[in-house]
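Atoms considered below: every heavy atom in the structure, side chains included; atoms not considered: hydrogens, waters and symmetry mates.
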Amino acid sequence: MDNQDTQKSYADLLREVSRNAKELFASEIDLVRIEAKSSFKTVERHSYALIISVWFVLFAPLGLFASAILVLGDYWEGRYWLSSLVVGASALFVGLVLMKNTVKKIRSEPKLMQATQNTLNFVADKTKENVEDVSIALSGGKT
């Protein structure tokens, strides 16, 4: 009777571990969904900033740049090539600064789905411990 009760308690223990694992995986799936949504929103927000800065660098100031080139070219006595070079380098500098700041913001965000990775590592360690405990219990305490 004692052996039968022990086997029954092992079966109950395995059932409980199985049920807990199911609940844990279901909660992990929910966590992954929540983190994925948050991560995508973060990437989306920074993507818009990056697109706007690229647009500014490439397209927005063309009229102002042309005017600045003409004004500087006249001021430098017809050296329009030099005024083009100065205006172009200035625009490139502004665009690069904007892009650098945006990339820095993206990199400062926490890693995507870090909480899920941490939890899965924790669950793997705990599952390994539980399997070892069940193994020891089934072998009668012998390792």
Side-chain angles (χ1 to χ4, degrees), residues 4-143:
Q4 190 176 20
D5 289 339
T6 303
Q7 287 179 349
K8 187 176 181 182
S9 65
Y10 289 145
D12 290 340
L13 178 64
L14 288 175
R15 237 179 275 125
E16 184 179 341
V17 168
S18 174
R19 186 180 65 242
N20 288 342
K22 273 186 189 178
E23 292 171 3
L24 181 63
F25 285 120
S27 66
E28 280 305 307
I29 289 172
D30 289 340
L31 179 61
V32 167
R33 284 185 191 142
I34 291 168
E35 283 187 330
K37 283 181 184 179
S38 173
S39 297
F40 290 135
K41 285 180 183 178
T42 299
V43 169
E44 180 183 26
R45 183 176 63 246
H46 291 302
S47 296
Y48 290 141
L50 192 58
I51 289 169
I52 289 169
S53 65
V54 168
W55 185 84
F56 178 78
V57 168
L58 296 177
F59 302 112
L62 291 178
L64 293 173
F65 292 158
S67 297
I69 290 168
L70 291 173
V71 168
L72 282 175
D74 285 343
Y75 180 75
W76 286 331
E77 300 170 354
R79 294 184 190 151
Y80 295 104
W81 63 270
L82 182 59
S83 64
S84 295
L85 187 64
V86 170
V87 170
S90 300
L92 180 63
F93 177 74
V94 169
L96 289 175
V97 168
L98 289 172
M99 283 186 190
K100 180 181 176 187
N101 290 338
T102 301
V103 168
K104 191 185 291 185
K105 286 179 186 177
I106 291 170
R107 287 185 178 161
S108 71
E109 291 290 328
K111 283 185 178 178
L112 298 178
M113 302 174 67
Q114 184 64 44
T116 298
Q117 292 173 4
N118 293 341
T119 303
L120 289 176
N121 290 336
F122 175 77
V123 168
D125 292 341
K126 285 299 181 185
T127 302
K128 186 176 179 182
E129 290 175 14
N130 288 340
V131 167
E132 290 171 358
D133 290 347
V134 169
S135 251
I136 291 169
L138 289 176
S139 67
K142 299 176 186 174
T143 56

Chemist: Which residue pairs satisfy the side chain to side chain donor-acceptor pair (under 3.5 Å) criterion with at least one member in residues 55-70, sequence neighbours excluded?
Modeler: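 Sorted result for residues 55-70: empty, none.
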Chemist: Can you tell me how far CZ of Phe93 sits from CG of Leu98, rounded to the nearest 0.5 angstrom?
Modeler: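 The distance works out to 10.0 Å.
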Chemist: Quick one: do Arg15 and Asp12 make a salt bridge, cutoff under 4.0 Å?
Modeler: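 A salt bridge links Arg15 with Asp12.
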Chemist: Kindly indicate, with the supporting measurements, whether the criterion salt bridge (charged side-chain N to carboxylate O under 4.0 Å, His left out) is fulfilled by Asp125 and Lys128.
Modeler: CA-CA 5 Å; Asp125 292 341; Lys128 186 176 179 182; over 6 Å; no
Chemist: Are Lys37 and Ile34 side-chain neighbours, meaning at least one heavy-atom pair lies under 4.5 Å?
Modeler: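 No, side chains not in contact.
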Chemist: Enumerate the side chain to side chain donor-acceptor pair (under 3.5 Å) contacts for residues 76-103, please, sequence neighbours excluded, ordered by first and then second residue.
Modeler: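 The answer is Asp74-Tyr80.
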Chemist: State which residues pass salt bridge (Lys or Arg N to Asp or Glu O under 4.0 Å) with Lys126; sequence neighbours excluded, sorted by chain then number.
Modeler: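 Lys126 satisfies salt bridge (Lys or Arg N to Asp or Glu O under 4.0 Å) with Glu129 once adjacent residues are dropped.
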